[in-house]
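Everything below concerns the one structure shown next.
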Amino acid sequence: MSSFEIRKVGGRIGAEVLGVDLGTGLTDSVFDRIHEAFLDHKVLFFRDQDITDEAQLEFAARFGPLTQKHPMMRTVDGAPQVIPIDGEDQRANHWHTDISFTQAPSLGTTLRAMVLPPYGGDTMVANAAAGYKDLPKELREIADKLWAVHTNRAEQPKLGTERGEEVRKAFMAKRFEAAHPVVRVHPESGEPSLFLGGFAQRFVGMTARESQGLLDVLQSYVRRPENTARWTWRVGDVLIFDNRATQHYAVNDYDDHKRVLHRVSITGDVPVGLDGRTSYVIEDGEGE
(Lines give C-alpha, C1' and ligand atoms only; values in the text may rest on other atoms or scores of the structure.)
Protein backbone atom coordinates (compact mmCIF):
# COMPACT_ATOMS: atom_id res chain seq x y z
CA MET A 1 0.00 0.00 0.00
CA SER A 2 3.07 2.25 -0.09
CA SER A 3 2.09 3.47 -3.58
CA PHE A 4 -1.35 4.60 -2.41
CA GLU A 5 -2.02 7.99 -3.97
CA ILE A 6 -4.93 10.35 -4.58
CA ARG A 7 -4.39 12.33 -7.78
CA LYS A 8 -6.69 15.15 -8.89
CA VAL A 9 -8.15 14.85 -12.38
CA GLY A 10 -9.47 18.42 -12.46
CA GLY A 11 -9.16 21.63 -10.56
CA ARG A 12 -12.71 21.65 -9.23
CA ILE A 13 -13.89 18.05 -9.21
CA GLY A 14 -12.61 14.50 -9.33
CA ALA A 15 -9.62 12.47 -8.21
CA GLU A 16 -8.18 9.12 -9.20
CA VAL A 17 -7.18 6.74 -6.41
CA LEU A 18 -4.07 4.73 -7.26
CA GLY A 19 -2.45 1.80 -5.49
CA VAL A 20 -5.67 0.44 -3.97
CA ASP A 21 -7.20 -2.99 -4.65
CA LEU A 22 -10.89 -2.85 -3.73
CA GLY A 23 -11.05 -6.65 -3.83
CA THR A 24 -8.84 -7.11 -0.78
CA GLY A 25 -10.67 -4.82 1.60
CA LEU A 26 -9.47 -1.52 2.99
CA THR A 27 -7.80 -0.80 6.30
CA ASP A 28 -9.44 1.87 8.43
CA SER A 29 -6.59 4.31 7.82
CA VAL A 30 -6.77 3.89 4.04
CA PHE A 31 -10.55 4.21 4.04
CA ASP A 32 -10.34 7.36 6.16
CA ARG A 33 -8.16 8.97 3.48
CA ILE A 34 -10.51 7.80 0.74
CA HIS A 35 -13.54 9.16 2.61
CA GLU A 36 -11.82 12.52 3.12
CA ALA A 37 -11.02 12.63 -0.61
CA PHE A 38 -14.62 11.68 -1.41
CA LEU A 39 -15.85 14.77 0.45
CA ASP A 40 -13.15 17.01 -1.04
CA HIS A 41 -13.30 15.90 -4.68
CA LYS A 42 -16.96 14.76 -4.95
CA VAL A 43 -16.14 11.83 -7.27
CA LEU A 44 -13.36 9.23 -7.03
CA PHE A 45 -12.16 6.93 -9.82
CA PHE A 46 -10.46 3.54 -9.39
CA ARG A 47 -8.86 2.01 -12.50
CA ASP A 48 -8.74 -1.68 -13.44
CA GLN A 49 -10.38 -3.24 -10.40
CA ASP A 50 -10.93 -6.99 -10.79
CA ILE A 51 -13.73 -7.33 -8.22
CA THR A 52 -17.06 -9.09 -7.75
CA ASP A 53 -20.50 -7.72 -6.91
CA GLU A 54 -19.83 -8.77 -3.31
CA ALA A 55 -16.66 -6.68 -3.15
CA GLN A 56 -18.46 -3.70 -4.68
CA LEU A 57 -21.20 -4.05 -2.06
CA GLU A 58 -18.59 -4.26 0.70
CA PHE A 59 -16.82 -1.13 -0.56
CA ALA A 60 -20.04 0.89 -0.86
CA ALA A 61 -21.15 -0.21 2.61
CA ARG A 62 -18.10 1.48 4.15
CA PHE A 63 -19.78 4.82 3.38
CA GLY A 64 -23.13 3.98 4.95
CA PRO A 65 -26.13 1.62 4.85
CA LEU A 66 -26.82 0.28 1.37
CA THR A 67 -29.98 1.10 -0.53
CA GLN A 68 -31.96 -2.12 -0.51
CA LYS A 69 -33.88 -1.81 -3.78
CA HIS A 70 -34.62 0.96 -6.25
CA PRO A 71 -38.35 1.77 -6.27
CA MET A 72 -38.69 1.05 -10.02
CA MET A 73 -35.54 -0.41 -11.60
CA ARG A 74 -34.70 -4.11 -12.07
CA THR A 75 -31.86 -5.65 -10.09
CA VAL A 76 -29.37 -8.49 -10.46
CA ASP A 77 -30.87 -11.91 -9.65
CA GLY A 78 -30.16 -12.74 -6.02
CA ALA A 79 -28.62 -9.31 -5.36
CA PRO A 80 -31.39 -6.71 -4.92
CA GLN A 81 -28.85 -4.02 -4.01
CA VAL A 82 -27.10 -4.30 -7.40
CA ILE A 83 -28.72 -2.59 -10.41
CA PRO A 84 -27.49 -3.47 -13.91
CA ILE A 85 -27.30 -0.20 -15.83
CA ASP A 86 -27.83 -1.58 -19.33
CA GLY A 87 -27.86 0.63 -22.42
CA GLU A 88 -30.54 -1.60 -23.90
CA ASP A 89 -32.86 -0.67 -21.01
CA GLN A 90 -32.16 3.03 -20.62
CA ARG A 91 -29.62 5.72 -21.35
CA ALA A 92 -29.61 8.47 -18.76
CA ASN A 93 -28.18 11.18 -20.99
CA HIS A 94 -29.48 14.03 -18.85
CA TRP A 95 -27.98 15.73 -15.83
CA HIS A 96 -29.57 14.29 -12.70
CA THR A 97 -29.11 13.34 -9.07
CA ASP A 98 -30.08 9.75 -8.25
CA ILE A 99 -33.64 9.30 -6.93
CA SER A 100 -33.94 13.00 -6.06
CA PHE A 101 -37.70 12.50 -6.47
CA THR A 102 -37.75 10.78 -3.03
CA GLN A 103 -37.55 12.47 0.36
CA ALA A 104 -34.11 11.00 1.10
CA PRO A 105 -32.06 10.68 -2.11
CA SER A 106 -28.96 8.50 -2.21
CA LEU A 107 -25.89 9.54 -0.24
CA GLY A 108 -23.72 8.28 -3.05
CA THR A 109 -23.49 5.81 -5.90
CA THR A 110 -20.80 3.37 -6.98
CA LEU A 111 -20.57 2.24 -10.60
CA ARG A 112 -18.45 -0.64 -11.99
CA ALA A 113 -17.83 -1.22 -15.69
CA MET A 114 -18.85 -4.71 -16.81
CA VAL A 115 -19.31 -4.50 -20.59
CA LEU A 116 -18.21 -1.53 -22.65
CA PRO A 117 -18.75 -0.35 -26.22
CA PRO A 118 -15.77 0.06 -28.57
CA TYR A 119 -16.20 3.83 -28.32
CA GLY A 120 -18.23 6.37 -26.35
CA GLY A 121 -20.25 5.78 -23.20
CA ASP A 122 -18.30 8.10 -20.89
CA THR A 123 -19.75 9.25 -17.56
CA MET A 124 -19.71 12.92 -16.62
CA VAL A 125 -20.03 14.25 -13.06
CA ALA A 126 -20.62 17.91 -12.13
CA ASN A 127 -19.78 19.72 -8.90
CA ALA A 128 -23.02 21.35 -7.69
CA ALA A 129 -21.21 23.06 -4.81
CA ALA A 130 -18.88 24.80 -7.26
CA GLY A 131 -21.94 25.77 -9.31
CA TYR A 132 -23.40 27.47 -6.25
CA LYS A 133 -20.14 29.32 -5.54
CA ASP A 134 -20.13 30.59 -9.13
CA LEU A 135 -23.52 32.27 -8.81
CA PRO A 136 -23.53 36.08 -8.76
CA LYS A 137 -24.52 37.42 -5.34
CA GLU A 138 -27.91 38.62 -6.59
CA LEU A 139 -28.77 35.23 -8.12
CA ARG A 140 -27.50 33.37 -5.07
CA GLU A 141 -29.86 35.35 -2.84
CA ILE A 142 -32.79 34.22 -5.00
CA ALA A 143 -31.67 30.58 -5.07
CA ASP A 144 -31.24 30.55 -1.28
CA LYS A 145 -35.00 31.01 -0.81
CA LEU A 146 -36.30 28.60 -3.46
CA TRP A 147 -37.60 25.06 -3.18
CA ALA A 148 -37.99 22.72 -6.13
CA VAL A 149 -40.35 19.84 -6.85
CA HIS A 150 -38.54 16.72 -8.13
CA THR A 151 -40.49 13.99 -9.92
CA ASN A 152 -39.68 10.67 -11.58
CA ARG A 153 -41.99 11.61 -14.45
CA ALA A 154 -39.36 13.76 -16.08
CA GLU A 155 -36.56 13.48 -18.62
CA GLN A 156 -36.75 9.72 -19.19
CA PRO A 157 -35.16 9.35 -22.63
CA LYS A 158 -37.00 7.41 -25.33
CA LEU A 159 -34.77 4.77 -26.95
CA GLY A 160 -37.22 3.81 -29.67
CA THR A 161 -36.97 0.10 -28.76
CA GLU A 162 -39.54 -2.26 -27.27
CA ARG A 163 -37.33 -3.11 -24.29
CA GLY A 164 -36.44 0.53 -23.70
CA GLU A 165 -40.10 1.54 -23.77
CA GLU A 166 -41.00 -1.18 -21.26
CA VAL A 167 -38.35 0.08 -18.85
CA ARG A 168 -39.42 3.69 -19.38
CA LYS A 169 -43.06 2.85 -18.63
CA ALA A 170 -42.08 0.90 -15.51
CA PHE A 171 -39.97 3.82 -14.28
CA MET A 172 -42.92 6.20 -14.59
CA ALA A 173 -45.75 3.82 -13.66
CA LYS A 174 -46.12 5.37 -10.22
CA ARG A 175 -45.64 9.02 -9.39
CA PHE A 176 -42.95 9.99 -6.91
CA GLU A 177 -42.55 13.65 -6.00
CA ALA A 178 -40.58 15.41 -3.30
CA ALA A 179 -39.84 19.04 -2.51
CA HIS A 180 -36.22 19.91 -1.76
CA PRO A 181 -34.39 23.14 -0.98
CA VAL A 182 -32.67 24.45 -4.11
CA VAL A 183 -29.64 25.13 -1.93
CA ARG A 184 -28.82 22.07 0.13
CA VAL A 185 -26.38 22.06 3.05
CA HIS A 186 -24.05 19.06 2.97
CA PRO A 187 -24.55 17.06 6.20
CA GLU A 188 -20.84 16.26 6.61
CA SER A 189 -18.92 19.19 5.12
CA GLY A 190 -21.49 21.93 5.74
CA GLU A 191 -20.94 23.09 2.16
CA PRO A 192 -23.96 24.53 0.28
CA SER A 193 -24.72 23.29 -3.24
CA LEU A 194 -27.39 23.61 -5.92
CA PHE A 195 -29.65 20.59 -5.48
CA LEU A 196 -31.36 20.39 -8.86
CA GLY A 197 -30.91 18.18 -11.94
CA GLY A 198 -33.33 16.86 -14.53
CA PHE A 199 -35.87 15.53 -12.04
CA ALA A 200 -36.40 19.07 -10.71
CA GLN A 201 -39.32 20.28 -12.82
CA ARG A 202 -40.64 23.37 -11.10
CA PHE A 203 -40.25 25.62 -8.09
CA VAL A 204 -42.67 25.36 -5.19
CA GLY A 205 -45.41 27.95 -5.73
CA MET A 206 -44.75 28.21 -9.48
CA THR A 207 -45.85 26.35 -12.59
CA ALA A 208 -43.40 24.42 -14.74
CA ARG A 209 -43.57 27.14 -17.39
CA GLU A 210 -42.86 29.89 -14.86
CA SER A 211 -39.96 27.89 -13.41
CA GLN A 212 -38.19 26.74 -16.57
CA GLY A 213 -36.12 29.83 -17.35
CA LEU A 214 -34.59 30.15 -13.90
CA LEU A 215 -34.08 26.39 -13.62
CA ASP A 216 -32.07 26.51 -16.83
CA VAL A 217 -29.99 29.46 -15.59
CA LEU A 218 -29.15 27.77 -12.27
CA GLN A 219 -28.37 24.47 -13.99
CA SER A 220 -26.01 26.21 -16.39
CA TYR A 221 -23.73 27.11 -13.47
CA VAL A 222 -23.52 23.49 -12.28
CA ARG A 223 -22.67 22.03 -15.69
CA ARG A 224 -20.02 24.57 -16.66
CA PRO A 225 -17.10 22.64 -18.23
CA GLU A 226 -14.72 23.68 -15.46
CA ASN A 227 -17.13 22.20 -12.88
CA THR A 228 -17.26 18.77 -14.54
CA ALA A 229 -15.16 15.63 -14.76
CA ARG A 230 -15.48 13.15 -17.63
CA TRP A 231 -14.41 9.51 -17.24
CA THR A 232 -13.57 7.21 -20.14
CA TRP A 233 -14.19 3.71 -18.85
CA ARG A 234 -12.12 0.55 -18.96
CA VAL A 235 -13.65 -2.78 -17.94
CA GLY A 236 -13.26 -3.15 -14.17
CA ASP A 237 -13.14 0.56 -13.42
CA VAL A 238 -15.07 1.72 -10.36
CA LEU A 239 -16.24 5.19 -9.46
CA ILE A 240 -18.13 6.64 -6.52
CA PHE A 241 -19.76 10.07 -6.49
CA ASP A 242 -21.28 12.10 -3.68
CA ASN A 243 -24.94 12.37 -4.66
CA ARG A 244 -25.43 15.18 -2.13
CA ALA A 245 -23.19 17.60 -4.04
CA THR A 246 -23.06 16.37 -7.64
CA GLN A 247 -25.07 15.63 -10.74
CA HIS A 248 -24.10 13.09 -13.40
CA TYR A 249 -24.73 12.33 -17.07
CA ALA A 250 -24.26 9.13 -19.08
CA VAL A 251 -23.09 10.14 -22.56
CA ASN A 252 -25.20 8.37 -25.20
CA ASP A 253 -22.76 8.26 -28.11
CA TYR A 254 -22.11 4.53 -28.55
CA ASP A 255 -24.77 3.71 -31.16
CA ASP A 256 -26.19 0.17 -30.83
CA HIS A 257 -23.26 -1.27 -28.91
CA LYS A 258 -23.55 -2.97 -25.53
CA ARG A 259 -22.77 -1.04 -22.35
CA VAL A 260 -23.42 -2.46 -18.87
CA LEU A 261 -22.40 -1.02 -15.51
CA HIS A 262 -23.28 -2.39 -12.08
CA ARG A 263 -24.63 0.22 -9.69
CA VAL A 264 -24.73 0.05 -5.88
CA SER A 265 -26.12 3.00 -3.94
CA ILE A 266 -25.75 4.18 -0.35
CA THR A 267 -28.81 5.29 1.59
CA GLY A 268 -28.97 9.03 2.11
CA ASP A 269 -30.54 11.37 4.61
CA VAL A 270 -33.25 14.00 4.21
CA PRO A 271 -31.82 17.20 2.65
CA VAL A 272 -31.65 20.34 4.78
CA GLY A 273 -31.79 23.91 3.48
CA LEU A 274 -29.93 26.98 4.64
CA ASP A 275 -32.79 27.84 7.00
CA GLY A 276 -32.80 24.39 8.59
CA ARG A 277 -36.03 23.21 6.97
CA THR A 278 -36.05 19.67 5.60
CA SER A 279 -37.38 18.12 2.40
CA TYR A 280 -40.85 16.63 2.33
CA VAL A 281 -42.86 14.12 0.30
CA ILE A 282 -45.57 15.25 -2.11
CA GLU A 283 -46.34 11.85 -3.70
CA ASP A 284 -44.86 8.51 -2.64
CA GLY A 285 -46.11 6.21 -5.40
CA GLU A 286 -48.89 4.77 -3.29
CA GLY A 287 -51.76 6.82 -4.70
CA GLU A 288 -51.90 5.22 -8.17
- Query: Are any non-hydrogen side-chain atoms of I6 and F4 less than 4.5 angstrom apart?
  - Reply: yes
- Message: Tell me whether L239 shares a hydrophobic cluster with V235, the cluster being built from Ile, Leu, Val, Met, Phe, Trp, Tyr side chains joined at under 4.5 Å.
- Response: yes
- Query: Residues in side chain to side chain contact (heavy atoms under 4.5 Å, CB included) with V260, at least two apart?
  - Reply: D86, M114, V115, K258, H262
- Do F59 and L39 belong to the same hydrophobic cluster, where Ile, Leu, Val, Met, Phe, Trp and Tyr are linked whenever their side-chain heavy atoms lie under 4.5 Å apart, directly or via other members? yes
- Task: Measure from the ring center of F199 to the ring center of H94 and say whether it is less than 6.0 Å.
- Result: yes
- Main-chain N/O of V238 paired with Q49 side-chain donor or acceptor, under 3.5 Å: no
- Rounded to the nearest 0.5 Å, what separation is found between the CD atom of E188 and the CZ atom of F38? 7.5 Å
- Item | Between CD on residue Q81 and OG1 on residue T267, distance to nearest 0.5 Å | 8.5 Å
- Using the test side chain to side chain contact (heavy atoms under 4.5 Å, CB included), find all partners of D255 that sit at least two apart in sequence or belong to another chain. Y119, H257
- Query: Are more than 12 heavy atoms from other residues, nucleotides or ligands located less than 6.0 Å from atom CD of E58?
  - Reply: no
- Note on the structure: The salt bridge (Lys or Arg N to Asp or Glu O under 4.0 Å) partners of E138 (sequence neighbours excluded) come to none
- With sequence neighbours left out, what residues match E177 under salt bridge (Lys or Arg N to Asp or Glu O under 4.0 Å)? R175
- Task: List the atom of A148, the atom of A200, and the distance in Å for their closest heavy-atom pair.
- Result: CB-CB, 4.3 Å
- Message: Using every non-hydrogen atom in the two residues, find where A60 and I266 come nearest and quote the distance to one decimal.
- Response: O-CG1, 3.5 Å
- Are V9 and L18 joined in one hydrophobic group, where the rule is that I, L, V, M, F, W and Y side chains link up if heavy atoms are under 4.5 Å apart? no
- Query: Under 3.5 Å, is there a donor-acceptor pair between the T109 and D98 side chains?
  - Reply: yes
- Task: Might you confirm whether atom CZ of R224 has over 12 heavy atoms from other residues, nucleotides or ligands at distances under 6.0 Å?
- Result: yes
- Taking all atoms of both residues into account, what is the closest heavy-atom pair of Y132 and P192, and its distance? CE2-CG, 3.5 Å
- Rounded distance (nearest 0.5 Å) linking atom CG of L44 with atom CZ of F241: 12.0 Å
- Measure from the side-chain N and O atoms of R62 to the backbone N and O of L26, and report whether any donor-acceptor pair falls under 3.5 Å. yes
- Query: Looking only at heavy atoms, what is the nearest atom pair of P271 and P181, with distance?
  - Reply: CB-CD, 4.3 Å
- Residue D275 excluded, over 12 heavy atoms near CG under 6.0 Å: yes
- Tell me, do W233 and R259 make a side-chain contact under 4.5 Å, heavy atoms counted? yes
- Message: Contact between W95 and L196 at the side-chain level, heavy atoms closer than 4.5 Å - yes or no?
- Response: no
- Message: Would T97 and T246 count as a side-chain contact (heavy atoms from CB on, under 4.5 Å) here? Give the steps.
- Response: CA-CA 7 Å; T97 298; T246 64; 6.0 Å; no
- Message: Is there a path of hydrophobic side-chain contacts, each under 4.5 Å between heavy atoms, that joins F195 and V272?
- Response: no
- Message: A side-chain contact here means heavy atoms from C-beta on lying under 4.5 Å apart; do V204 and V149 qualify?
- Response: yes
- Out of curiosity, does F203 fall in the hydrophobic cluster containing W147 (side-chain heavy atoms, cut-off under 4.5 Å, transitive links)? no
- Is the cationic atom of R140 (NZ for Lys, CZ for Arg) positioned less than 6.0 Å from the six-membered ring centroid of Y221 and within 45 degrees of its normal? no
- Item | E191: which of K42, R184, R244 passes salt bridge (Lys or Arg N to Asp or Glu O under 4.0 Å) | K42
- Query: Which atom names give the shortest non-hydrogen contact between L135 and A143, and what distance separates them?
  - Reply: CD1-CB, 4.2 Å
- Message: So, using salt bridge (Lys or Arg N to Asp or Glu O under 4.0 Å) as the criterion, who are the partners of E54 when residues are at least two apart?
- Response: none
- In this structure, CG of L146 is separated from CD of E141 (nearest 0.5 Å) by 12.0 Å
- Short side-chain to backbone donor-acceptor contact, H150 and H180, under 3.5 Å: no
- pair R47-W231: side-chain heavy atoms closer than 4.5 Å: yes
- I142 versus L214: any side-chain heavy-atom pair under 4.5 Å? yes
- Task: Check whether any side-chain N or O of T102 sits under 3.5 Å from a backbone N or O of I99 as a donor-acceptor pair, and report yes or no.
- Result: yes
- Message: I want to check something: taking the side chain as every heavy atom from C-beta on, are I51 and F46 in contact at a cut-off of under 4.5 Å?
- Response: no
- Task: Tell me whether the centres of the aromatic rings in F31 and F63 are closer together than 6.0 Å.
- Result: yes
- Message: Show, in sequence, the C-alpha distance, side-chain angles and deciding distance for I240 and I34, and conclude whether the side-chain contact (heavy atoms from CB on, under 4.5 Å) test is met.
- Response: CA-CA 11 Å; I240 181 169; I34 288 174; 6.0 Å; no
- Query: Taking atom CG of D216 as the centre, does the number of heavy atoms from other residues, nucleotides or ligands within less than 6.0 Å exceed 12?
  - Reply: yes
- Item | Single hit among N127, N227, T228 for side-chain hydrogen bond (donor to acceptor under 3.5 Å, both in side chains) with R12 | N227
- Query: Counting distance only, does the side-chain N/O of D237 pair as donor-acceptor with the main-chain N or O of D48 below 3.5 Å?
  - Reply: yes
- Item | Gap separating the CZ atom of R91 from the CG atom of D253, nearest 0.5 angstrom | 9.0 Å
- Check for a donor-acceptor pair, side chain of D50 on one end and backbone N or O of G236 on the other, with a separation under 3.5 Å. no
- Message: Keeping Q219 on the side-chain end and G197 on the backbone end, is there a donor-acceptor pair under 3.5 Å?
- Response: yes
- Reported CG-to-CG distance for the pair L139 and L218, which is rounded to 0.5 angstrom: 5.0 Å
- Message: Run the side-chain contact (heavy atoms from CB on, under 4.5 Å) test on F45 and V17 for me, step by step, so that the C-alpha distance in whole Å, both residues' side-chain angles and the decisive distance to 0.1 Å come before the verdict.
- Response: CA-CA 6 Å; F45 305 101; V17 181; over 6 Å; no
- Query: For V281, what are the other residues in its hydrophobic cluster, where any two members join if their side-chain heavy atoms are less than 4.5 angstrom apart?
  - Reply: none
- Nearest atoms (heavy-atom pairs only) where V185 meets G190: CG1-O, 3.8 Å
- Message: Quiz question: by atom type and distance under 3.5 Å, do the side chains of N243 and H248 form a donor-acceptor pair?
- Response: no
- Task: Can you label the angle between the F176 ring and the F101 ring as parallel, tilted or perpendicular, going by 30° and 60°?
- Result: tilted
- Side-chain donor or acceptor of S279 paired with backbone N/O of Q103 under 3.5 Å: no
